[in-house]
Protein chains: 2
Amino acid sequence: MAAVRTIELLQQTSLTTLVQRDIERRILSGDLAPGSKLVEADIAAALGVSRAPVREAFRALGQAGLLRTEKNRGVFVRQVSLEEANEIYEVRAALEGMIGRLAARRIRPEQLEKIRAVVKKMHVVSRSLDAAAYFPLNVEFHELLAQASGNRALIANYRRVVNELDLCRRETLARNAENIPLSTRDHEAIVNAVAKGDEKLAERLLHEHVIESRERLHRALAKPARAA
Amino acid sequence: MAAVRTIELLQQTSLTTLVQRDIERRILSGDLAPGSKLVEADIAAALGVSRAPVREAFRALGQAGLLRTEKNRGVFVRQVSLEEANEIYEVRAALEGMIGRLAARRIRPEQLEKIRAVVKKMHVVSRSLDAAAYFPLNVEFHELLAQASGNRALIANYRRVVNELDLCRRETLARNAENIPLSTRDHEAIVNAVAKGDEKLAERLLHEHVIESRERLHRALAKPARAA
DNA sequence: TTTTGGTATATTGTCGACAATCTACAAGCA
DNA sequence: TGCTTGTAGATTGTCGACAATATACCAAAA
């Protein structure tokens, strides 16, 4: 049965897809900083492919909001201004509230269990204030919750919005590590509301959680970057 | 000053962009039916360009949710199942509610005036039950409202969701022309709420309006297609 | 008749080449 | 010195060609 997976993989995986995933990963990991210019030939050479798949990947990532294309000048990792980030956070709050409501309505036991496991890990990490370890757990928590909503259109839109925010959000946690324990407490309250099936509460808590994130971003950007 | 516009146009317009816009238009107008296969060489020949720009446009439209790509088999206009349409409508309702709230808060007089003009036109058309004439007005009404929200991220997400729904929504109005007067009444109530700056009411009315649209879709699909 | 196998054709995936455009820098002029 | 102009190099935009894959068709066997 693993063979079926392999076949599907080969059927779906073109060079373009591979390149696209690689660039997306590098952007979201912060490896490619916002504003950086991406040179087609360089990326093509680095990955050992021609420019065509790279250009196609650029088009997809442009539509996804991760890249900005200027004709005859090149493509750049998108820079999200503070003002834009505010607007995106507002959208995310609405989507996340919806996720809370739907997840509370139809989360399945095994999904709940997985989320609780993540929260438990966060609890451990939160004591060390290790932002680098906390960040992926935070992403996973929200991702699992989104999946529990059971609405594919919602999940897709949520992911896109989160990706855009990741363009500037990475800074936040590193600069405000002291917020981690607060955030962890939020997550526990959210899981409990979802577990109880309290749609209204889950919706409100998640909405507020996002708005708090937005305020954390503001405070982080007001601060100077921490010394390296 | 017109020259500046022309220069900007040339700076931003690549063949890929042109092809992308053309295909998108043909999909949304119903010219290319959901499920249709798009052959690269055919489109390239029809537009007098090579396959490269067509392929890039495909990638972008795939990411936008209008096309589905199967490796080595081709690209197809996305088919939205009834179940998926339900989920998308649910997301749209949330976004549209947010649009109502924000528009009520910060719509500007000239924007309100434009929307009232559209509603007036709808009122005229609605007597003739002419779905073909009503459809674009309906799209414009919601588009103007979205713009009045002043949140660019919200506008972008809204447009994407509406585009996806247009893949199946076109059927609805044509088959249920008798709903046009009801829909027109909705629109007037919405404009009044926005004009009064009643955020809660505008949010609720728009949310309900979308949910009603969803139910209209269900009734339309239960009906047989009208005779041609 | 149905199914299997193979071949021809059509279509997509990838590549390298060339043209168009931009950028950086140096030479010339005020 | 400071500004303009022109040239060289680098980068992107577009194209046509070839390879890889899928599809349609036909023949042969069960």
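Chain naming here is simple, since letters A, B, ... match the order of the sequence lines and numbering starts at 1 in each.
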Task: A:Leu15 vs A:Glu56 side-chain heavy atoms within contact, under 4.5 Å - done: no
TODO: Before accepting this row, confirm whether a basic side-chain N of the pair A:Glu164/A:Arg92 lies closer than 4.0 Å to the acidic partner's carboxylate O.
DONE: no
Task: Residue A:Asn72, side-chain atoms from C-beta onward, closest of C:dT21, D:dT14, C:dC15 - done: C:dT21
- [ ] Round to the nearest Å and state the distance from A:Glu56 atom CD to D:dC15 atom P.
- [x] 15 Å
- [ ] Examine D:dT21: is either OP1 or OP2 under 4.0 Å from a nitrogen or oxygen in the side chain of B:Arg73? Give yes or no.
- [x] no
Open item on the list: Which nucleotide wins on minimum distance to the side chain of A:Val39, given the candidates D:dT12, D:dT21, C:dC15?
Closed with: D:dT12
Task: Given C:dT14, D:dA22, D:dT12, the nucleotide with the shortest approach to the side chain of A:Glu40 - done: D:dT12
Task: Spacing of B:Glu70 atom CD relative to C:dT12 atom P, expressed in whole Å - done: 12 Å
Open item on the list: With a 4.5 Å cut-off on side-chain heavy atoms, are A:Glu83 and A:Asn86 touching?
Closed with: no
Open item on the list: Could you tell me how far apart B:Leu38 (CG) and C:dA10 (C1') are, to the nearest whole angstrom?
Closed with: 16 Å
Task: Which residue lies more 5' along DNA chain D, comparing A:Asp42 with B:Thr16 via nearest heavy atoms - done: A:Asp42
Open item on the list: Reading DNA chain C from 5' onward, which residue's closest nucleotide shows up sooner: A:Arg51 or B:Ala41?
Closed with: B:Ala41
TODO: Whole angstrom is fine here: how far is it from CZ in A:Phe58 over to C1' in D:dT12?
DONE: 11 Å
Open item on the list: Distance check needed: C:dC15 C1' versus A:Ile43 CD1, whole Å only.
Closed with: 18 Å
Open item on the list: Hydrogens and angles aside, do B:Arg26 and B:Ser29 bring a side-chain donor and acceptor to less than 3.5 Å of each other?
Closed with: no
Task: Nearest-angstrom distance from the residue atom CG of B:Leu47 to P of D:dC15 - done: 11 Å
- [ ] Looking only at side-chain atoms of A:Ser50, point me to the closest of D:dT14, C:dT12, C:dT14.
- [x] C:dT14
Open item on the list: A side-chain contact here means heavy atoms from C-beta on lying under 4.5 Å apart; do B:Tyr158 and B:His142 qualify?
Closed with: yes
TODO: Kindly say if B:Arg55 contacts the phosphate of C:dG13, meaning a side-chain N or O under 4.0 Å from OP1 or OP2.
DONE: yes
Open item on the list: Rounded to whole Å, how long is the line connecting atom NZ of A:Lys71 with atom P of C:dA19?
Closed with: 17 Å
